[in-house]
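To keep things clear, I will list the structure first and then write my remarks on it.
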Amino acid sequence: MRTLIKHLLATAEPRDNVLVQGWIRTRRDSKGFSFLEINDGSCLAGIQVVADAAIPGYADIHKLATGASLEVEGRLAASPGGKQKWEVQAARLTLLGEAGPDYPLQKKGHTLEFLRSIAHLRPRSNLFGAVFRVRSRLAYAVHEFFQSRDFIHVHTPIITGSDCEGAGEMFRVTTLKPGAAAHPAADFFGKPTYLTVSGQLEGEAFACALSNIYTFGPTFRAENSNTARHAAEFWMIEPEMAFCDLQGDMDLAEEFIKAMARHALEHCAEDLAFFSRFVDPGVEERLRFVVERPFVRVAYAEAIKILQQAGKRFEFPVDDGQNLQSEHERFLTEEHFKSPTTVFNYPRQIKPFYMRLNDDGRTVTAMDVLVPGIGEVIGGAQREERLDQLLDNMKSHQLDPDDYRWYTDLRRHGTVPHAGFGLGFERLIMFLTGVSNIRDVIPFARTPGNAEF
RNA sequence: UCCAGAGUAGCUCAAUGGUAGAGCACGCGGCUGUUAACCGUGUGGUUGUAGGUUCGAGCCCUACCUCUGGAGCCA
């Protein structure tokens, strides 16, 4: 029976009759025998195979090149070589699939840019194997975090009929033939439909029934954003809590980030060490810092004062009443506080209609969590639970309440204070791995002009 | 979408306006408990595309395409 390499490497005693299946990373020939390094993706490290020229299957040795797949039967034994504890002394080699001389992954460093052009093969590289193992582990950690706190997972719809959630351009979903006259009534759903940009509004409906809920699913934005932090398709995590205010929301956001960092340190040590060595030297230290230290919390008005008194020339002036620019956010989290920072109570005019108006009449209960190196990783708010105020907010945002009938209904029937936030899963992975481009933390990235694979 | 930079061998990169090269990969030969093995040798090019300037363009000019970094929008 096959044993994954991660389990072979963790074995305590030598073992006869092991079966390894994987892909060849490199081969080194000697005069009567060869060394093969095999990787199966179960962990960063591969295992060394020693193959004597006399064993069955060795006749294919010239075909056992980098990238080829094979099966090795043999004995797990202590390795006399200095760089590994175990090796497999092969009794039989079976070539499964050749990789020709045009196999693009060499046993040397490649640029990330080149690896993106072979997105179907890059998971076989050290870096992308590590990234996607961490991504998987963290997806598990997300569910563990919320489930252990009695949050209920809700699958909000991917196709949505509301075209005005206020979160950016949307992809149209239609079965109408291209060029057909625009008759929404003749379309599949009898009205215009889109890919969701957020499950928040639906999440609120479920929070106002099940108390604490979360969503974790794909999200789509048709914005022509061409940056290292934006993708047209990405995964978002959106908790929503009934009977919760802004304080509770900020507490949960902070606990969540800390829990993810702690989980990565505890369960992805080998891969994190790899990131520290080849991607971002400070990543492990940064995660420990995030776990140990409380986040800074600062009101928007105070943040503006800090920026104005920083004595620093920004490209964009600090303007009270306007949104913070990327350079302002980075200054706060990277230079001034040198810590993850939560900014709250933003001016109402720069935030969406659903955020709760504070008693000052000028600010809303919004909060953004900023982290060094990434900037905004979480955006959230206590929601407006008062029907009259919500309708007033819609009016000032020039929205038609008729388009939000079911949403305002939540305030007509047993309304409660509630709050939540949204977090881009890819940005979290970037923060935890140090990988600086969102295209490199999602298996097959969709960005403007690029839907290959 | 805006600003800046870059496109030369499969990959990473060289090349005063004057005969396009190296390392790695790949082929062949050798050698060794090797480990991004090593030594020798060989194959490999419409210099992103289309125009232009020039006796002569990888290099200078124009347009376009693609990518990268930054910005906007945001998660």
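Basis for what follows: all heavy atoms, side chains included, without hydrogens, waters or symmetry-related copies. First the proteins, then the strands, lettered A, B, ... as listed; each starts at 1. Note that the structure is a prediction, hence the values are computed from the model and not measured.
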(request) Please report, rounded to the nearest Å, how far the C1' atom of rC74(B) is from the CG atom of D368(A). (result)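 My rounded result for the distance is 10 Å.
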Over all strands shown, is [X] touching base, sugar-phosphate only, or nothing at heavy-atom distances under 4.0 angstrom?
| X | value |
| --- | --- |
| F425(A) | nothing |
| N224(A) | base |
| T227(A) | base |
| R25(A) | nothing |
| F234(A) | base |

Say you pick atom [atom1] in [N] and the same atom in [M]; how far apart are they, in whole Å?
| N | M | atom1 | result |
| --- | --- | --- | --- |
| rC55(B) | rA14(B) | C1' | 27 Å |
| rU66(B) | rU47(B) | C1' | 16 Å |
| rU8(B) | rG58(B) | C1' | 6 Å |
| rC59(B) | rG52(B) | C1' | 15 Å |
| rG70(B) | rC38(B) | P | 35 Å |
| rA25(B) | rU12(B) | P | 15 Å |
| rA57(B) | rU19(B) | C1' | 14 Å |
| rA6(B) | rU62(B) | P | 14 Å |

(message) Could you check whether F425(A) and F234(A) have their ring centres less than 6.0 Å apart?
(response)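 When the ring centroids of F234(A) and F425(A) are compared, they turn out to be at least 6.0 Å apart.
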On the 0 to 90° scale, with breaks at 30° and 60°, tag the [X]-[Y] ring pair as parallel, tilted or perpendicular.
| X | Y | result |
| --- | --- | --- |
| F274(A) | F278(A) | tilted |
| Y300(A) | Y346(A) | tilted |
| Y407(A) | Y404(A) | perpendicular |
| H328(A) | F314(A) | perpendicular |
| F216(A) | H143(A) | tilted |

(request) Tell me which nucleotide among rC74(B), rC73(B), rA71(B) gets nearest to the side chain of E223(A). (result)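 For the E223(A) side chain, the nearest candidate turns out to be rC73(B).
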(request) If a protein heavy atom is under 4.0 Å from the base, mark B; if only from the sugar-phosphate, S; if neither, -; do that for nucleotides 31-39 of chain B going 5' to 3'. (result) SBBBBBB--
(request) Answer yes or no: does a side-chain N or O of N226(A) lie under 4.0 Å from OP1 or OP2 of rA71(B)? (result)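 Checking rA71(B) against N226(A), no side-chain N or O comes under 4.0 Å of OP1 or OP2.
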(message) For rC11(B) and T111(A) - does any side-chain N or O of the residue sit under 4.0 Å from the phosphate oxygens OP1/OP2?
(response)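 Negative; the distance criterion is not met.
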(request) Take I350(A) and S436(A), find for each the nucleotide of RNA chain B with the closest heavy atom, and name the residue whose nucleotide sits nearer the 5' end. (result)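 Its nearest nucleotide being more 5', the pick is S436(A).
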(message) Need to verify one output field. Residue with the more 5' nearest nucleotide on RNA chain B, A232(A) or E327(A)?
(response)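 Whichever sits nearer the 5' end wins; that is E327(A).
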Near RNA chain B, which residues from [range] have a heavy atom under 4.0 Å away?
| range | result |
| --- | --- |
| residues 7-19 of chain A | none |
| residues 57-72 of chain A | none |
| residues 438-453 of chain A | I438(A), R439(A) |

(message) Return the pairing partner of rC59(B) with a 3.5 Å limit on both distances, Watson-Crick or G-U wobble; otherwise return none.
(response)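 Per the H-bond distance test, none.
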(request) Write down the partner of rG5(B) under the Watson-Crick or G-U wobble criteria, each distance required to be under 3.5 Å. (result)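 In the structure as shown, rG5(B) has rC67(B) as its Watson-Crick or wobble partner.
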(request) Spell out, as yes or no, whether a donor-acceptor pair under 3.5 Å connects the side chain of K6(A) to the backbone of G41(A). (result)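 Not a single qualifying donor-acceptor pair exists.
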(request) Determine yes or no for a side-chain-to-main-chain donor-acceptor pair under 3.5 angstrom, with T11(A) supplying the side chain and E13(A) the backbone. (result)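 Checking the backbone N and O of E13(A) against the side chain of T11(A), no donor-acceptor pair under 3.5 Å is found.
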Contacts under 3.5 angstrom, residues 18-29 of chain A side chains, donor-acceptor by atom type, not counting sequence neighbours:
residue, atom, partner, partner atom, Å
Q21(A), OE1, R2(A), NE, 3.3
Q21(A), NE2, E71(A), OE2, 3.0
R25(A), NE, R124(A), O, 3.2
R25(A), NH1, N126(A), OD1, 2.7
R25(A), NH2, R124(A), O, 2.6
T26(A), OG1, K107(A), NZ, 3.0
R27(A), NE, D29(A), OD1, 2.9
R27(A), NE, D29(A), OD2, 3.3
R27(A), NH1, I61(A), O, 2.7
R27(A), NH1, L64(A), O, 3.1
R27(A), NH2, D29(A), OD2, 2.9
R28(A), NH2, Q48(A), OE1, 3.3
D29(A), OD1, S34(A), OG, 2.7

If we count only N and O atoms by modelled type, under 3.5 Å, do the side chains of [X] and [Y] hold a donor and an acceptor together?
| X | Y | answer |
| --- | --- | --- |
| T342(A) | E254(A) | no |
| N393(A) | R348(A) | yes |
| H263(A) | Y140(A) | no |

(request) Using only heavy-atom distances, decide whether a donor-acceptor pair under 3.5 angstrom links the side-chain of S225(A) to the base of rC73(B). (result)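 Check passes, donor-acceptor contact within cut-off.
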(message) Could you check whether any side-chain heavy atom of K338(A) comes within less than 4.5 Å of a side-chain heavy atom of T333(A), counting everything from C-beta outward?
(response)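 SC-SC contact between K338(A) and T333(A) ruled out.
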(request) Evaluate ring-ring contact (aromatic ring centres under 6.0 Å, His included) for Y194(A) paired with F171(A), printing each intermediate quantity in order. (result) CA-CA 5 Å; Y194(A) 307 86; F171(A) 288 103; over 10 Å; no
May I have the list of side-chain donor-acceptor pairs in residues 441-449 of chain A shorter than 3.5 Å, sequence neighbours left out?
residue, atom, partner, partner atom, Å
R446(A), NH1, E452(A), O, 3.3
R446(A), NH2, F453(A), O, 3.1

